[in-house]
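Data first, discussion second: the structure below is written as structure tokens.
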Amino acid sequence: MTIILDGKALSDSLREHIRREVEGYLSEGLRPPALAVVLVGDDPASHVYVSNKQKACQKVGIKSLFYHLPQNTTTQELLELIAQLNAEETVDGILVQLPLPTQINQHEVILAIDPHKDVDGFHPENMGRLVSRMEDGFIPCTPLGIDLLLKHYQVDLKGKDVVIVGAGFIVGRPLSLLMLWREATVSLCHIHTKDITQYTRMADVLVSATGVAGLIKAHMVKEGVVVVDVGISRVGDKIVGDVDFESVKEKASAITPVPGGVGPMTVTSLILNVLKAYRRRMGKEGKNHFEPQSIANQMKKAYKD
Ligand code: GUN
């Protein structure tokens, strides 16, 4: 029997836990946590992602401030907004939706965000913490969501072969570091990898993050593999992942669905990062509060309630 790694159910449970925590802060008379979301231009997919993130924040009591800038915004204009948001006491987290229009220098923008408000975990200071295994940094949302999902389903990673297809800045690269924390042997495949199948067939855990619909087929995986599908593509009127779900499911011991797998966990991880920033700013940081394992444990407790 193949286990479906249900990111939607885990997210619902985690978010309920978070909602209650935020409610507690409000009843103490504290201000709500706040996330500033910056969207530049009119990319339809980015609009949908940003709107989902905002709605999810609002549902758990996190205030969401939306800054929509025109497509022709300059780097300087965006840097000015970020400086304002960095200085604003009541803003806990800043998210600049990527990709940015090509005239904007993305590196400069990411560097400008206060690392303590960098809830995406993209600032080099947070990426550096990930390299150094300093657990007090912000971990990028999709890698954190995948880690929580695997932990929840007790997928053992120690000494296992984790193969990641897609070496992007948002998912593949930071996930490879996080999987090293979990003591896996990590292979990171990308567009120039000579023979991807050679890697995918040896994976105990296979993560695909390419955005190429149906890239991973049954002959590319071994029996018993755990499959994590990060891809989101629209094919006709259907949303599909990188993995040919129906055929790969037959060989997998566990697999994430699309939708309802990694997507909700990414948004939940953003909420967790905003809460982490807020707790720290408000002096509410508990012992080991932010280590993903501790969150997974809290979540299990929440299930029992
Ligand atoms: N674009 C696609 N994924 C992400 C993400 O996790 N954060 C931001 N800021 N932009 C994205």
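Indexing begins at 1, ligand by ligand and atom by atom, following the structure's order. Just the heavy atoms: all of them, side chains too, but no hydrogens, waters or symmetry mates, feed the values below.
Of the residues listed (Val227, Val243, Asp229), the one engaging Thr256 in a side-chain contact (heavy atoms from CB on, under 4.5 Å) is Asp229, and it is the only one. The side-chain contact (heavy atoms from CB on, under 4.5 Å) test with Ile146 is passed by exactly one of Leu148, Leu150, Leu149: Leu150.
In this structure, His123 has its ring center at least 6.0 angstrom away from the ring center of His116. Taking the six-membered ring for Trp and the full ring otherwise, the centers of Phe138 and Phe122 sit at least 6.0 Å from each other.
The option with the heavy atom closest to atom 7 (N) of ligand 1, from among Thr266, Val37, Asp120, is Asp120. Residue Ile170 holds the heavy atom nearest to atom 3 (N) of ligand 1 of all those in Val230, Val171, Ile170.
The distance criterion of under 3.5 Å between nitrogen or oxygen atoms is not met by Phe122 with respect to ligand 1. Some N or O of Gln97 is nearer than 3.5 Å to an N or O of ligand 1, by distance alone.
At a cut-off of 3.5 Å, with distance as the only test, no side-chain donor of Lys63 or Gln58 sits close to an acceptor on the other residue.
With a 4.0 Å heavy-atom cut-off, ligand 1 is reached by no atom of Tyr49. Here Val96 has backbone heavy atoms under 4.0 Å from ligand 1, and that is the only part of it that gets that close.
Using cut-offs of 30° and 60° for the angle between ring planes, the Phe66 and His68 rings count as parallel.
For atom 10 (N) of ligand 1, the closest heavy atom belonging to the protein is Leu98 N, 2.9 Å.
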